[in-house]
Peer 1: 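First, the structure itself, so that you have it in front of you.
In what follows, every chain begins at residue 1, and chains take the letters A, B, ... in the order their sequences are listed.
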Amino acid sequence: MQDTKFERQRQEKLSRIKELGIDPYGGKYDGTELAEDIKRRFKEDDESQRAKCAGRIVLLRHMGALIFMTLRDWSGTIQVGLSKKLLGERWPLAKLLELGDIIGAAGQLGKTKTGEITIWVDSLALLSKSLCQPPEKFHGLADIDLRYRHRFVDLWANPEVMELFKKRSAIISTIRQFLNVRGFLEVETPMMQRIAGGAAAKPFTTHHNSLDMDLFLRIAPELFLKRLLVGGMEKVFEINRNFRNEGLSRQHNPEFTMLELYQAYADYNVMMDLTEQVIRLLVEEYCQGNQVKFGDMTVDFGRPWRRAQYAELLKEYAGCDIDDIKSVRQKAGKLGIDEADMDDAVVINKVFEAVVQDNLVDPTFVIDYPVALCPLTKRKKDDPKYAERFELLMARMELANAYTELNDPAVQEENFRIQLRGQEESMATMDRDFITALKYGMPPAGGLGIGIDRLVMVLTGATSIRDVVLFPLLKPVPN
RNA sequence: GGGAGUGUAGCUCAGGUGGUAGAGCAACGGCCUUUUAAGCCGUAGGUCUUGGGUUCGAGUCCCAACACUCUCACCA
């Protein structure tokens with residue numbers, strides 16, 4: 001931190017506060033109420049009310065022997081009035097306080113002439129001296145880059161940011177409750193893995209020194225959660241970070257939070273119902289109505305969610321028959337996809353992603369994917385070209401992905417051997433230990449993954465994943 | 001990685017066609033006991049992201065670098 005003029009000025013004030021014999025960094029400060037709670041419980045015409053509150057000074061109005069401040073805590077704001085008369089020997093401290101300082105204030109609760117609920121402070125404590133200039137008081141911190149880099153300022157300079165992250169926390173808490181009530185067990189599985197399996201993505205690598213062993217940060221917890229199914233945990237879930245070494249975008253942060261859950265003796269239809277239930281519950285609890293605005297889109301959760309087959313959607317949007325690979329490759333060519341070196345299934349999926357996903361705004365379950373794209377999924381009994389997999393798409397994003405889990409070790413081992421051309425990373429990296437687990441017998445099961453960040457985006461209307469991640473990955477500032 | 005845009009005071013932003021830097025807030029010095037983004041008087045604050053170039057002269061034009069935003073590609 002460079003020694004700016006402003007910082008020197010504030011250091012000067014800090015010295016003057018110390019000269020008054022006051023610790024500028026305070027200590028334990030008991031018995032406070034949240035600003036919004038105080039305002040809520042205020043009763044008109046009752047002079048016996050007192051209040052105690054702690055917060056940051058975000059507005060400051062000096063009027064000679066009277067000072068008004070607006071304090072912000074994490075619930076909201078409340079006005080405090082400091083008068084020379086009431087404060088007595090603490091008045092010199094009051095005059096030294098400035099924007100950004102954190103103070104504690106207690107006193108009689110009343111209203112001003114203009115009707116603002118105000119704590120008339122008779123007891124004042126400095127809890128932390130701020131040595132940095134706060135951002136502009138009206139516009140807050142607007143520079144997007146600075147907001148992400150200085151989230152510690154963003155959170156109080158822009159109260160809606162605080163609200164969003166409180167909402168994120170509440171959403172996750174609701175999901176946990178939903179699953180706990182249904183008998184799911186929350187577990188934690190390894191973040192550092194010898195084999196990065198369970199998804200198709202480039203992993204981050206790391207190294208364990210004393211074992212002299214390379215490890216990957218996990219791209220998915222899938223193969224470990226399934227081992228728990230083998231172990232007899234019949235309903236498990238994990239809400240935790242995955243790491244994928246891919247590009248950044250409005251929908252992609254290298255580390256992102258995923259809910260993965262597995263339920264023994266269920267299948268993807270059960271997962272579909274569960275997905276719809278939990279998301280409908282969240283919409284009910286955290287959104288106003290069933291129409292949710294997202295950028296220039298409106299996502300309608302109200303109508304029954306469409307459940308459409310992959311092939312059917314390909315026909316509908318791309319106009320080609322999934323079995324007519326020539327026409328699919330032709331379409332791929334038109335879309336500028338370099339399909340020559342790709343396997344059929346990869347080409348089909350490229351076309352699907354290019355044409356279908358960008359058209360699906362309302363929640364849509366895409367069901368029954370071509371088996372080649374689903375090495376961890378059980379095939380449909382009556383149509384083995386397709387696997388019992390669905391993805392939930394909405395707002396032109398993929399939000400969830402689920403399977404009827406493959407529990408046949410022979411088929412799984414065979415799938416691990418197949419490497420698709422045109423897809424750099426395969427979901428099907430051989431994991432012998434996992435095959436061994438399957439050989440002991442894994443119950444038939446349904447599995448589901450929901451991207452929590454994206455879900456929070458849709459529920460809060462935030463169109464960038466960086467707005468729902470507290471500390472998104474940024475390039476370092478040079479120097 | 002490709003394309004488009006942006007970068008000016010601590011913060012939020014102005015600065016047609018090149019002529020040497022502006023406002024509001026914040027700061028500093030005053031006045032004020034009912035303000036609400038308080039008000040009034042005064043003061044100070046800038047290597048215009050960085051490095052080159054064109055020019056008598058560059059915040060402005062050109063080139064490059066860096067960062068951010070949007071977008072495309074990889075991916076969830």
Side-chain angles (χ1 to χ4, degrees), chain A residues 2 4-10 12-13 58-70 77-87 91 98-100 110-118 120 131-150 153 157 198-203 219-220 242-260 295 335-338 349-350 353-354 357-358 391-393 397-401 422-425 427 449-455 457 463-466 472 474-479:
Chain A
Q2 50 190 291
T4 64
K5 185 191 80 179
F6 296 108
E7 206 179 325
R8 280 198 305 277
Q9 279 173 1
R10 282 177 176 248
E12 185 62 31
K13 287 209 169 150
V58 291
L59 293 173
L60 184 57
R61 299 175 283 279
H62 277 260
M63 315 197 53
L66 179 66
I67 302 170
F68 285 107
M69 295 175 178
T70 302
T77 58
I78 189 161
Q79 175 166 276
V80 296
L82 296 85
S83 76
K84 188 175 180 180
K85 210 167 143 190
L86 266 175
L87 278 173
W91 178 245
E98 52 196 333
L99 290 173
K111 265 192 178 175
T112 60
K113 273 183 194 165
T114 48
E116 180 87 15
I117 297 169
T118 301
W120 293 103
L131 295 174
C132 297
Q133 285 267 113
E136 210 253 6
K137 64 186 178 186
F138 186 58
H139 295 92
L141 195 58
D143 185 288
I144 293 181
D145 184 42
L146 245 192
R147 283 187 43 226
Y148 297 148
R149 291 186 194 279
H150 284 183
V153 176
K202 295 186 194 75
I219 56 175
N242 289 344
F243 306 86
R244 297 187 185 175
N245 207 341
E246 310 278 356
L248 286 73
S249 82
R250 314 195 87 194
Q251 283 96 30
H252 301 266
N253 196 55
E255 49 179 314
F256 62 101
T257 302
M258 181 94 140
L259 161 68
E260 264 199 35
L335 291 167
I337 297 163
D338 183 16
N349 202 41
K350 293 268 181 208
E353 283 174 357
Q357 186 163 318
D358 275 357
E391 286 196 358
L392 174 61
L393 304 185
M397 293 191 289
E398 182 197 330
L399 252 85
N401 184 17
Q423 203 177 32
E424 264 185 67
E425 265 62 43
M427 229 187 278
I450 297 181
I452 296 295
D453 310 280
R454 289 181 179 180
L455 181 60
M457 285 167 69
T463 52
S464 169
I465 195 167
R466 291 180 164 194
L474 303 167
K475 286 191 200 172
V477 183
N479 179 14

Peer 1: Less than 4.5 Å apart, side chain to side chain, heavy atoms only: is that true for A:Arg10 and A:Gln133?
Peer 2: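 Contact flag for A:Arg10/A:Gln133 side chains = yes.
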
Peer 1: Salt bridge check: are A:Lys111 and A:Glu116 linked by an N-O gap of less than 4.0 Å?
Peer 2: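 Answer for the salt bridge query: no.
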
Peer 1: Using atom P in both nucleotides, what's the gap between B:C61 and B:A23 to the nearest angstrom?
Peer 2: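 Looking at atom P only, B:C61 and B:A23 are 23 Å apart.
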
Peer 1: Any chance you could measure A:Ile452, atom CD1, to A:Arg454, atom CZ, to the nearest 0.5 Å?
Peer 2: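 So the CD1 of A:Ile452 and the CZ of A:Arg454 are separated by 12.5 Å.
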
Peer 1: Under 4.0 Å: is that the gap between some side-chain N or O of A:Arg61 and OP1 or OP2 of B:U35?
Peer 2: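 For A:Arg61, the contact criterion (side-chain N or O under 4.0 Å from OP1 or OP2 of B:U35) is not met.
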
Peer 1: Starting at the 5' end of RNA chain B and moving along, which residue's nearest nucleotide shows up first, A:Glu391 or A:Thr112?
Peer 2: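 First, find each residue's nearest nucleotide; the 5'-ward one identifies A:Thr112.
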
Peer 1: Pick base, sugar-phosphate or nothing for A:Arg10, based on heavy-atom distances below 4.0 Å to the nucleic acid.
Peer 2: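 If one applies the 4.0 Å heavy-atom cut-off, A:Arg10 turns out to touch nothing in the nucleic acid.
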
Peer 1: With a 4.0 Å cut-off on heavy atoms, is A:Tyr148 in touch with a base, just the backbone sugar-phosphate, or nothing at all?
Peer 2: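 Contact class for A:Tyr148: sugar-phosphate only.
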
Peer 1: Within the distance-only criterion (no hydrogens, no angle test), does the side chain of A:Asn245 pair as donor or acceptor with the backbone N or O of A:Lys202 below 3.5 angstrom?
Peer 2: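 Between the backbone of A:Lys202 and the side chain of A:Asn245 there is no qualifying donor-acceptor contact (under 3.5 Å).
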
Peer 1: Regarding A:Gly247, tell me which of base, sugar-phosphate or nothing describes its non-hydrogen contacts under 4.0 Å with the strands shown.
Peer 2: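 Base contact - A:Gly247 has a heavy atom under 4.0 Å of at least one base atom.
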
Peer 1: With rounding to the closest Å, how many angstrom separate the C1' atoms on B:A27 and B:G46?
Peer 2: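 Taking atom C1' in both B:A27 and B:G46, they lie 15 Å apart.
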
Peer 1: Do the side chain of A:Arg250 and the main chain of A:Ile465 share a donor and acceptor less than 3.5 angstrom apart?
Peer 2: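 No, A:Arg250 side chain to A:Ile465 backbone: no donor-acceptor pair under 3.5 Å.
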
Peer 1: Taking atom C1' in both B:C11 and B:G51, what distance in whole Å separates the two?
Peer 2: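 The answer is 28 Å between these two C1' atoms.
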
Peer 1: Between B:A38, B:U35, B:G45, which one does the side chain of A:Glu116 approach most closely?
Peer 2: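 Selected nucleotide: B:U35.
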
Peer 1: Taking the same atom, C1', in B:U8 and in B:G24, what whole-Å distance lies between them?
Peer 2: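 These two C1' atoms come out 15 Å apart once rounded.
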
Peer 1: Who are the ring pair (Phe, Tyr, Trp, His ring centres under 6.0 Å) partners of A:Phe68, not counting sequence neighbours?
Peer 2: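 With neighbours one apart ignored, the set is A:Trp120.
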
Peer 1: State whether a side-chain donor-acceptor pair under 3.5 Å links A:Gln79 with A:Thr118.
Peer 2: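 There is such a pair between these side chains.
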
Peer 1: Polar atoms only, N or O, under 3.5 Å: list the protein pairs with nucleotides 4-12 of chain B and their distances.
Peer 2:
{"residue": "B:C11", "atom": "O2'", "partner": "A:Glu136", "partner atom": "N", "Å": "2.9"}
{"residue": "B:U12", "atom": "OP1", "partner": "A:Ala142", "partner atom": "N", "Å": "3.1"}
{"residue": "B:U12", "atom": "OP1", "partner": "A:Asp143", "partner atom": "N", "Å": "2.9"}

Peer 1: Using the 3.5 Å cut-off, write out each protein N or O paired with an N or O of nucleotides 29-33 of chain B and the distance between them.
Peer 2:
{"residue": "B:C32", "atom": "N3", "partner": "A:Gly64", "partner atom": "N", "Å": "3.4"}
{"residue": "B:C32", "atom": "N4", "partner": "A:Gly64", "partner atom": "N", "Å": "3.4"}
{"residue": "B:U33", "atom": "OP2", "partner": "A:Met63", "partner atom": "O", "Å": "3.3"}
{"residue": "B:U33", "atom": "OP2", "partner": "A:Ala65", "partner atom": "N", "Å": "3.1"}

Peer 1: For Watson-Crick and G-U wobble pairs within 3.5 Å on both distances, what is RNA chain B written in dot-bracket notation, | included for inter-strand pairing?
Peer 2: (((((((..((((.....[..)))).(((((.......))))).....(((((..]....))))))))))))....

Peer 1: When the P atoms of B:U47 and B:G10 are compared, how many Å lie between them, rounded to an integer?
Peer 2: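 Here B:G10 and B:U47 have their P atoms 8 Å from each other.
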
Peer 1: Using only atom types and a distance under 3.5 Å, with no angle test, would you say the side chain of A:Arg244 pairs donor to acceptor with the backbone of A:Pro254?
Peer 2: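 No: the side chain of A:Arg244 does not pair with the backbone of A:Pro254.
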
Peer 1: OP1 or OP2 of B:C70 less than 4.0 angstrom from a side-chain nitrogen or oxygen of A:Arg250, does that happen here?
Peer 2: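 For B:C70, OP1 or OP2 has a side-chain N or O of A:Arg250 closer than 4.0 Å.
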
Peer 1: Among residues at least two apart in sequence or on other chains, which ones pass side chain to side chain donor-acceptor pair (under 3.5 Å) with A:Asp143?
Peer 2: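 Here no residue qualifies.
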
Peer 1: Taking atom types as they are modelled, is there a donor-acceptor pair under 3.5 Å from the base of B:U35 to the side chain of A:Gln79?
Peer 2: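 Side chain to base: pair found, below 3.5 Å.
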
Peer 1: Side-chain N or O of A:Lys113 versus OP1/OP2 of B:U35: is the shortest distance under 4.0 Å?
Peer 2: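 It does not, given that no N or O in the side chain of A:Lys113 lies less than 4.0 Å from OP1 or OP2 of B:U35.
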
Peer 1: Look at A:Lys350 and B:A73 and indicate whether a side-chain polar atom (N or O) is within less than 4.0 Å of OP1 or OP2.
Peer 2: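 No, because none of the side-chain N or O atoms of A:Lys350 sits under 4.0 Å from OP1 or OP2 of B:A73.
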
Peer 1: With P as the reference atom in both, quote the distance from B:U54 to B:G15 in angstrom, rounded to an integer.
Peer 2: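 To the nearest whole Å, 29 Å.
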
Peer 1: Look at A:Arg149 and B:C68 and indicate whether a side-chain polar atom (N or O) is within less than 4.0 Å of OP1 or OP2.
Peer 2: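 True: A:Arg149 side-chain N/O within range (under 4.0 Å) of B:C68 OP1/OP2.
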
Peer 1: Looking only at atom P, what distance separates B:C41 and B:C48, rounded to whole Å?
Peer 2: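 Each nucleotide's P atom is 31 Å from the other's.
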
Peer 1: Across nucleotides 46-51 of chain B, 5' to 3', mark each nucleotide with B, S or - according to how protein heavy atoms within less than 4.0 Å reach it.
Peer 2: ------

Peer 1: Rounding to an integer number of angstrom, what distance separates B:C62 and B:A37 when you compare their P atoms?
Peer 2: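 Comparing P positions in B:C62 and B:A37 gives a spacing of 43 Å.
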
Peer 1: Any idea which of B:C68, B:A38, B:U35 is nearest the A:Thr118 side chain?
Peer 2: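 Side chain of A:Thr118 sits closest to B:U35.
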
Peer 1: How long is the gap from CD on A:Glu353 to CD on A:Glu391, to the nearest 0.5 Å?
Peer 2: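 The distance works out to 7.5 Å.
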
